[in-house]
Amino acid sequence: MQVDALPLAMPHVAHFQRQGIEELYPPQAETVEAGICDGENVMAAIPTASGKTLIAQLAMLTADGPGLYIVPLRALATEKHATFSELPGVDVGIATGDYDSPAAELADHDIVVATSEKVDSAIRNGASWVDDIGCVVVDEVHLLGQADRGPTLEVTLAHLRRLTPGVQLVALSATVANADEIADWLGAKLVESDWRPVDLRTGVADSDAITYDDETSDPLGIDAAELPPDADLDTETTAQLVDDALADGGQSLAFVRSRREAESLAERLRGDADDTSDTTQADREAVADEIETLDGTVTGQRLADCVRDGVAFHHAGLRSGHRALVESAFRKRTLDAICATPTLAAGVNVPARRVVVRDQQRYTGSGTEWLPVLEIHQMCGRAGRPHLDPYGEAILVDTDDPEALAERYLGTDPEAVESKLASEAALRTHVLSIIASGFAETESGILDVLAATFYAHQTPVDDLAGIVAAVIEELIEMGLVVRDSGDNEPTDGNVLAATEIGATVSTQYITPETGVRIVEGLRTAGEMAEPTALTALEIICDTPDMHDTYLGNEERAAIYEYARQHADEFTTAMGDAEDFERWLEAVKTARILAEWSEGATIETLVERYRLGPGDLDSRIERADWLLSAADAVADVLGVSLPAISRVRTQL
DNA sequence: GCCAATATGATTTAGACAGCATGTC
DNA sequence: CTAAATCATATTGGC
């Protein structure tokens with residue numbers, strides 16, 4: 001199927017042709033046959049890099065009304081915003097927590113790219129633009145199965161379909177076992193395909209050889225006797241695989257389990273660096289300089305040093321600026337290899353000739369577990385750059401038992417996507433928001449709303465009745481919801497309403513537990529002689545919405561002492577903390593933020609408290625959000641805590 | 001008795017979404 | 001309750 005045969009405006013056809021797109025890829029053509037240009041709901045479950053973006057564009061450009069493109073990550077929102085903005089005559093907006101384009105009202109744009117939480121939030125707050133949407137594209141729908149964020153996505157989609165009955169839905173997914181079930185839920189035609197624009201060879205390797213799926217093999221020739229005695233065989237094999245690809249003119253991505261190992265593998269690969277052309281070396285120097293300009297942290301310095309030798313590491317402890325520099329340098333072929341934690345597999349588009357997965361297990365809080373097949377496949381899917389590489393290669397390393405590894409991950413179907421909505425934590429949040437935004441006011445009304453979710457499609461929605469009833473009782477007890485009859489009879493005729501606090505919790509997008517913690521904290525603070533910045537920070541750091549900060553054993557004593565010294569500034573007495581260890585972690589986070597607000601530099605804090613620069617950034621960002629939520633709650637309570645706004649301006 | 005090799009024990013472990021306000025020159 | 005790799009310190013062993 002030719003691009004110029006599509007029902008697109010001439011400038012758009014010309015735009016795609018300029019990009020070298022004349023003929024659609026087979027899966028793309030299938031979505032057209034499924035009616036993607038005619039307003040039909042379509043779900044495409046196809047590999048990474050097989051042209052999902054064009055499918056989305058076809059839908060949004062031909063839809064009757066503005067398009068909404070939902071992504072799971074802010075970095076992806078930025079990336080898609082840039083891509084769509086290249087379309088001639090198309091005005092693209094972006095709506096994420098950290099950035100709203102001016103007038104992020106959908107009505108003012110042809111396309112808005114937003115994160116799922118941002119869309120959920122807009123719906124809760126009654127944004128009017130929702131009614132005008134002509135087409136919703138959901139990227140990475142398989143994330144429906146994530147325990148933490150999946151429920152938000154399915155509830156949001158359920159709301160969207162209810163509020164805008166005729167919208168066209170387009171779902172883009174990785175290959176999963178039950179794509180048909182998701183498509184069915186969305187009333188979409190399913191296009192499923194393994195087709196890729198670049199061939200992908202997959203295989204496993206031990207120190208002797210790579211064994212590909214097609215039963216061919218390539219020798220590696222690592223002589224264990226020649227290695228230094230402390231060398232790790234898996235690591236050496238990985239290094240060899242990267243070096244071989246490089247000798248063949250291809251870039252590599254290497255996936256390992258932890259941040260520390262990503263960094264040490266990068267250091268290891270630096271040693272193999274060979275000479276490059278002067279222009280490439282100049283580019284590397286330029287990128288390294290930029291990295292150093294961003295901050296003077298040890299992590300940044302180490303990264304810059306690696307980049308000078310043509311390798312980089314990549315993980316969530318890096319600041320987003322550093323990550324973006326690494327990604328773009330790799331895309332420009334300035335770098336030979338990136339050693340990464342699994343962040344990179346699900347993030348922005350960073351394809352490479354060869355992908356090496358050294359580690360396939362991950363610590364989960366209760367021992368190590370095998371990574372899901374889906375995740376390994378996403379890493380492998382990064383192999384092969386269309387038009388640049390003749391083929392892609394994905395190699396899993398295990399020097400002990402490569403056959404078992406091949407059996408587990410290669411030629412194996414990914415797991416099915418299962419709804420995680422039936423958890424109390426997820427339902428507390430969403431039941432409250434349904435009540436607060438007036439979508440339902442009785443238990444059965446709530447169940448009606450939830451009947452449109454993926455959970456209800458997989459399981460009779462009545463199965464939720466018990467949990468929903470329990471959750472309503474909890475919300476009442478928490479003071480976020482009331483029954484208007486006043487008697488607390490849980491009969492169905494009773495009308496439910498959010499309290500003023502409950503409504504604030506919902507619009508501020510904090511979890512009910514966080515809301516309650518803030519209310520308690522503010523009440524206690526109100527009785528204190530002199531609440532300080534630390535008081536405000538302790539409140540918001542001791543909530544589930546602030547992420548914990550690892551508290552090492554050695555630090556523990558110091559933080560304990562700090563907590564004792566500042567006991568009169570805290571809203572929790574040391575003996576009263578329900579979970580003392582967690583509370584101490586919260587104190588550590590609060591202390592870091594307090595020092596930050598007093599002018600400590602990122603360089604100092606990162607070394608003093610042993611956290612990544614990116615971790616500090618994310619905590620500051622969260623603190624800003626939670627303090628503003630606390631401000632709003634304080635307003636409702638009628639208490640004033642000037643310390644809140646004071647710290648906020650200093651973050 | 002000194003230093004190094006080795007054993008034992010302690011420490012550490014992926015990632016990252018969300019608010020928002022009102023008038024102003 | 002279920003792990004595994006790395007790092008720090010203690011212990012042993014060779015000379």
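Residue numbering restarts at 1 for every chain, and letters A, B, ... go by the order of the sequence lines. Remember, it's a predicted structure, so these values are computed and weren't measured experimentally.
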Taking pairing as Watson-Crick or G-U wobble with both contacts under 3.5 Å, can you name the mate of [N], or confirm there isn't one?
N: C/dA4; answer: B/dT12
N: B/dC17; answer: none
N: B/dG1; answer: C/dC15
N: B/dG23; answer: none
N: C/dA10; answer: B/dT6

Check: Would A/Leu303 and A/Glu263 count as a side-chain contact (heavy atoms from CB on, under 4.5 Å) if you check the C-alpha gap in whole Å, the side-chain angles of each, and the deciding distance to 0.1 Å?
Finding: CA-CA 8 Å; A/Leu303 181 61; A/Glu263 297 190 14; over 6 Å; no
Cation-pi between A/Arg162 and A/Phe439: NZ/CZ under 6.0 Å from ring centre and within 45° of the ring axis?
->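 Yes, cation above the ring, under 6.0 Å and within 45°.
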Does A/Arg124 count as lying over the ring of A/Tyr509, i.e. NZ or CZ under 6.0 Å from the six-ring centre, within 45 degrees of the axis?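 Yes, cation above the ring, under 6.0 Å and within 45°.
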So, is [X] near the phosphate of [N], with a side-chain N or O under 4.0 Å from OP1 or OP2?
X: A/Arg259; N: B/dG15; value: yes
X: A/Tyr363; N: B/dA14; value: no
X: A/Asn125; N: B/dC20; value: yes
X: A/Thr341; N: B/dG15; value: yes
X: A/Arg257; N: B/dT12; value: no
X: A/Arg74; N: B/dA18; value: yes

At 4.0 Å (heavy atoms only), tell me whether [X] reaches a base, stays on the sugar-phosphate, or touches nothing.
X: A/Gly614; result: nothing
X: A/Glu261; result: sugar-phosphate
X: A/Ile510; result: nothing
X: A/Arg323; result: sugar-phosphate
X: A/Thr96; result: sugar-phosphate
X: A/Ser264; result: nothing
X: A/Ser366; result: base
X: A/Arg556; result: nothing
X: A/Thr343; result: sugar-phosphate
X: A/Asp120; result: nothing
X: A/His547; result: base

Take atom [atom1] of [X] and atom [atom2] of [N], then tell me their distance rounded to the nearest Å.
X: A/Asp615; N: B/dA16; atom1: CG; atom2: P; result: 10 Å
X: A/Asp100; N: B/dC17; atom1: CG; atom2: P; result: 15 Å
X: A/Tyr99; N: B/dA18; atom1: OH; atom2: P; result: 14 Å
X: A/Gln361; N: C/dT2; atom1: CD; atom2: P; result: 16 Å
X: A/Glu263; N: B/dT12; atom1: CD; atom2: C1'; result: 14 Å
X: A/Asp624; N: B/dA16; atom1: CG; atom2: C1'; result: 16 Å
X: A/Arg358; N: B/dA14; atom1: CZ; atom2: P; result: 12 Å
X: A/Leu432; N: B/dA18; atom1: CG; atom2: C1'; result: 15 Å

task = To the nearest 0.5 angstrom, please state how far the CG atom of A/Asn349 sits from the NZ atom of A/Lys52.
result =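 NZ of A/Lys52 is found 11.0 Å from CG of A/Asn349.
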**Prompt:** How many angstroms lie between atom CG of A/Leu294 and atom CG of A/Leu325, to the nearest 0.5 angstrom?
**Reply:**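 Atom-to-atom, A/Leu294:CG and A/Leu325:CG are 7.0 Å apart.
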Practice prompt. Before giving the answer on side-chain contact (heavy atoms from CB on, under 4.5 Å), spell out for A/Tyr455 and A/Glu154 the whole-Å C-alpha distance, their side-chain angles and the decisive distance to 0.1 Å.
Written response: CA-CA 8 Å; A/Tyr455 178 91; A/Glu154 60 172 305; 3.8 Å; yes
- Planes under 30° and centres closer than 5.5 Å, is that true for A/Trp625 with the base of B/dG19?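 According to the criterion (under 5.5 Å, under 30°), no, A/Trp625 does not stack.
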Of the nucleotides [options], which has the atom closest to the [X] side chain?
X: A/Ala316; options: B/dA14, B/dA16, B/dG19; value: B/dA16
X: A/Thr368; options: B/dA16, B/dG19, C/dA4; value: C/dA4
X: A/Arg648; options: B/dC17, B/dT11, B/dG19; value: B/dG19

What's the verdict on side-chain contact (heavy atoms from CB on, under 4.5 Å) for A/Leu421 and A/Val155, showing C-alpha distance, side-chain angles and the deciding distance? CA-CA 9 Å; A/Leu421 183 63; A/Val155 170; 3.9 Å; yes
query = Quantified in whole Å, what is the P atom distance between nucleotide C/dT2 and nucleotide B/dC17?
reply =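 One P to the other, the span is 34 Å.
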Roughly how far apart, to the nearest Å, are C/dC1 and B/dA16 at atom C1'?
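Rounded to whole Å, the distance is 29 Å.
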Q) Salt bridge between A/Lys118 and A/Asp100, side-chain N to carboxylate O under 4.0 Å? A)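 So A/Lys118 pairs with A/Asp100 through a salt bridge.
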Checklist entry - Which sits closer to the 5' end of DNA chain B, A/Gln508 or A/Arg610, going by the nucleotide each is nearest to? => result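 The residue whose closest nucleotide sits nearer the 5' end is A/Arg610.
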### Query
Taking the nucleotide of DNA chain B with the closest heavy atom to each, which residue, A/Ala629 or A/Arg619, is nearer the 5' end?
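The 5'-side residue here is A/Arg619.
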